[in-house]
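Reviewing the structure listed below.
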Amino acid sequence: MSDFDIKFGPWINYGNSNKEDEIKSKMMELVNEIWSPFNGQDRAKVFVFSMAYGFAKGMEPVKPPPAGSGSMPASAFDKEMRDYMKFVAIADAKDLEVATDAKEVVRICEGYAYAAFLEVYDKIKNRRSTVQTEAILEKLIQEVS
């Protein structure tokens, strides 16, 4: 296990930390509603997908991301998710060293996730009825590749 994995302890502010945060109710819809491909999934998966979508689409990250008490513990993110987060942070900062700073990795990734979430939510919720639940994420991935 790497030193980064041992020190990866920051809570992630996303989708449940602030009562005024418009993402909170939409996040709960994505993980609880039958029409969502994230139904029954962890909020961490929505976070990572939104982060990757925002980065791949070249969106301007929200800086700073909305403040609040952390809503997702570091334990919500498995090693593969943390690796994706490090890749995004390295590419954003254009510096390999950023991958050793868990707080900075989280800050960068929160920015991209917040930048993309409402668009991801809208495209999932308001997709054409001919696009099946299982296919919507693939459609979004194809859109940015």
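To the nearest 0.5 angstrom, T100 atom OG1 is 10.0 Å from K86 atom NZ. Residue I141 holds its CD1 atom at 6.0 Å from CG of L137, rounded to the nearest 0.5 Å. From E29, atom CD reaches atom CH2 of W35 across 5.0 Å, with rounding to the nearest 0.5 Å. Within the model, atoms CD of Q41 and CG of L30 stand 11.5 Å from one another, a figure rounded to the nearest 0.5 Å. To the nearest 0.5 Å, atoms CD1 (I136) and NZ (K125) are separated by 14.0 Å.
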Report task. Test side chain to side chain contact (heavy atoms under 4.5 Å, CB included) on R127 and T133 and set out the steps. Result -> CA-CA 9 Å; R127 71 184 180 275; T133 303; 3.0 Å; yes

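Pairs engaging residues 32-41 under the salt bridge (Lys or Arg N to Asp or Glu O under 4.0 Å) rule: none recorded [sequence neighbours left out]. Pairs of residues two or more places apart, or lying in two chains, never qualify as salt bridge (Lys or Arg N to Asp or Glu O under 4.0 Å) while including a residue from residues 129-139.
For E80, the side chain to side chain donor-acceptor pair (under 3.5 Å) partners two or more places apart in sequence, or in a different chain, are Y84. K57 is linked by a side chain to side chain donor-acceptor pair (under 3.5 Å) to Y53, E119, E143, counting only residues two or more places apart in sequence or in another chain. D122 meets the side chain to side chain donor-acceptor pair (under 3.5 Å) test with N126; sequence neighbours excluded. Scanning for side-chain contact (heavy atoms from CB on, under 4.5 Å) contacts around A44 gives D42, M72, A76, F77, M81, with sequence neighbours left out. Considering only residues two or more places apart in sequence or on other chains, K26 meets the side chain to side chain donor-acceptor pair (under 3.5 Å) condition with none of them. Legend: residues meeting side-chain contact (heavy atoms from CB on, under 4.5 Å) with E60, ordered by chain and number and at least two apart, are absent. The side-chain contact (heavy atoms from CB on, under 4.5 Å) test applied to N32 returns M28, not counting sequence neighbours. Take P61 and apply the side-chain contact (heavy atoms from CB on, under 4.5 Å) test, not counting sequence neighbours, and it matches K63, D92, Y112. In this view, F38 and F49 satisfy the ring-ring contact (aromatic ring centres under 6.0 Å, His included) rule, not counting sequence neighbours.
Salt bridge E104/R107: present, at least one basic N to carboxylate O contact under 4.0 Å.
In terms of heavy-atom proximity, A99 sits nearest to V105 at CA-CG2, 4.1 Å. Taking all atoms of both residues into account, the shortest heavy-atom contact from S50 to A113 is CB-O, 3.8 Å. Minimum interatomic distance between A115 and M59 (heavy atoms only, all atoms of both residues): O-SD, 3.6 Å.
Side-chain contact between V46 and V120 is absent, with no heavy-atom pair separated by less than 4.5 Å.
Cluster membership check: I34 does not share its hydrophobic cluster with M27, using side-chain heavy-atom separations under 4.5 Å among Ile, Leu, Val, Met, Phe, Trp and Tyr.
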